[in-house]
Visitor: 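Once you've had a glance at the structure underneath, I'll fire off some questions.
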Amino acid sequence: MSAQHDILEVRGLSAGYGPLRVLHDLDLTIQAGERVGIVGLNGHGKSTLFRAIAGLTDWQSGSILFDGREIGGSRSQGPGRYTHRIVRRGLALMPQGDAIFHGLTVAEHLDSGAHSREAWRSRRDRREQVLGIFPPLRALLDVPVGRLSGGERRMVSLGRGLMTDARLYLVDEPSLGLAPKISKAMIDALMRIDLSRGAMVIAEQNLSLLEGRVTRLLGMHGGKLKRGTDLPIGRSAALEI
Amino acid sequence: MIDGYVIVAAITLASIYGLLAIGISIVWSSLGMLNMAFGFTFAAAGYGAWFAAQQFPDSAAAVLAGGILTGALVGAAVCAVAFLPLHDKPNFTVRSLVATLAISLLGTQALLATFGPRVKPLPKIFGLKAFEITEDVVVTADKLGAVVSSVVLLLLVLAWMKTSRRGLEIRAMMQNPEGAALVGIGVRSTAFAVMAVTGALAGLAAVLLSQTYFVSPYAGLLPLIKGLIVALAGGLGSVAGALIAACLLGFTEAATSAVLGGQYVLITQFALIIAILLVRPRGIGGLLDETRE
């Protein structure tokens, strides 16, 4: 594997829910070490792209090579059936809505994210690292997540995804529903994550949060990514898509 | 009328209902399946215990192990037939309800065809001793044994759910199946664990109830109904709620038998559950839950 090894190579991906087709023949390549931002309006397929990569859409077709292995293909039913296998291969999806376990404590939550054998063995050290990134969680370790505020939940959700070393981090709208100051703290935390072995894609509506902080910025519109040349990093260009 | 005897009977019933209801409750919230084959698991486990008793007539441990192991095996088999092929299909809740009901009916007929309609007694595994607590309250060994063994097994299961990695995975799946998939938890392997453990609980309950009643092909029907209503009153999915509901319904049953007579038991139990669900639609568990989704 070379340094320019593609972590993710998506070719001709279409996906949707029931009769609704959300993604249209989408192509996307992510290389190791990249931190890519995807911007676009609500309902244009950012979340569906992430969910299709994790195998969570109702149906999908097209090729998804993850670390050189096919995880896509055509599928007309069984959303989520193979998600855990894709996750174990090194995908960390921090979804919109956080997908938290409301009755589990923060500590149990973080432990649940340590799904690989090595991560489970070293879960106490890893928990310390996550608490280093999100210090407010330390005082809440024994509190059920269902009693936390929106910002604290986001920290738990992101922290859970960091408990196992992933090859690809997909972060869906880290600023959604949060106060501007906390949004910025979330993005700052994401920027501190070490990507020497992997890559990260952040979907975001708020372009200003990502400007100048990511390797590449892509636009998503109507279920398609702007292909070929990447967007120049600038507000006006992205909003014209 | 509510004397020591009623209280002893109430505690015994509560512990057995607790076993049944927690099995149904855990399966519902982790797998999204209302397991109608639970009664069949119960009956089959009774025959497993009876078979073990034929082989080792003097060993109480063999009878218990026979019941618990058969329960776990039948639970896993139900999982293989009703859960694995269906769980990612549309309308899974209804399909699995029909599938487990079918297993229950077919299984009961299979037991009838294999073992015949005559009921079978289990040996008194806890002996025939009786302990006098006060002058008019006597606790027989089978009641004491039922309470102690079900409390011990329940505590073991709850401790396992609380501390082990598999338990963490099951609790995660109970609260958010998609979130569970996103932390690498496989639904299918976890489902086997859930169904085997709850089957084992049904197996223990079968051995314990057969100390008072007999093993028969239809023995699972009433325990299924009781387990379902206790789980409903407790708020499906809430372990603590199911335990409280088991105590309430055990007491109702014992008190009704003593005051009104045994034929009114189901009436007062259903009246109580309807009252609970009218006031608290999420059951007792809804009162205990301070978190939000």
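All values below were derived from every heavy atom in this structure, side-chain atoms included, with hydrogens, water molecules and symmetry-related copies excluded. Numbered from 1 within each chain, the chains take letters A, B, ... in sequence-line order.
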Visitor: In sequence, state the C-alpha distance, the side-chain angles, and the governing distance for A/T83 and B/L182, and then conclude on side chain to side chain contact (heavy atoms under 4.5 Å, CB included).
Guide: CA-CA 7 Å; A/T83 301; B/L182 288 177; 4.0 Å; yes
Visitor: What pair of heavy atoms forms the shortest contact from B/V183 to A/F101, and how long is it?
Guide: CG2-CZ, 4.2 Å
Visitor: Could you name each residue pair satisfying ring-ring contact (aromatic ring centres under 6.0 Å, His included) that touches residues 42-62 of chain A, not counting sequence neighbours?
Guide: A/H44-A/H221
Visitor: Report, in residue-number order, which members of residues 114-132 of chain A are under 4.5 Å from chain B by heavy-atom distance.
Guide: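 Residues A/A114, A/H115, A/S116, A/W120 are the ones that qualify, each having a heavy atom under 4.5 Å from chain B.
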Visitor: What part of A/L56 gets within 4.5 angstrom of chain B, counting heavy atoms only: side chain, backbone, both, or neither?
Guide: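 For A/L56, the contact with chain B is made by the side chain alone.
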Visitor: Could you tell me if the side chain of A/R51 sits less than 4.5 Å from the side chain of B/E178, heavy atoms only?
Guide: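 Yes - at least one pair of side-chain heavy atoms lies under 4.5 Å apart.
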Visitor: For residues B/I185 and A/H84, report the shortest heavy-atom separation together with the two atoms involved.
Guide: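 Shortest heavy-atom separation between B/I185 and A/H84 comes out as O-CB, 3.4 Å.
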Visitor: Answer with side chain, backbone, both or neither: which region of A/D111 has an atom nearer than 4.5 Å to a non-hydrogen atom of chain B?
Guide: both
Visitor: Side chain, backbone, both or neither: which part of B/R165 has a heavy atom under 4.5 Å from chain A?
Guide: both
Visitor: Show the nearest heavy-atom pair for residues B/Q175 and A/H102, with the distance to one decimal.
Guide: OE1-N, 3.3 Å
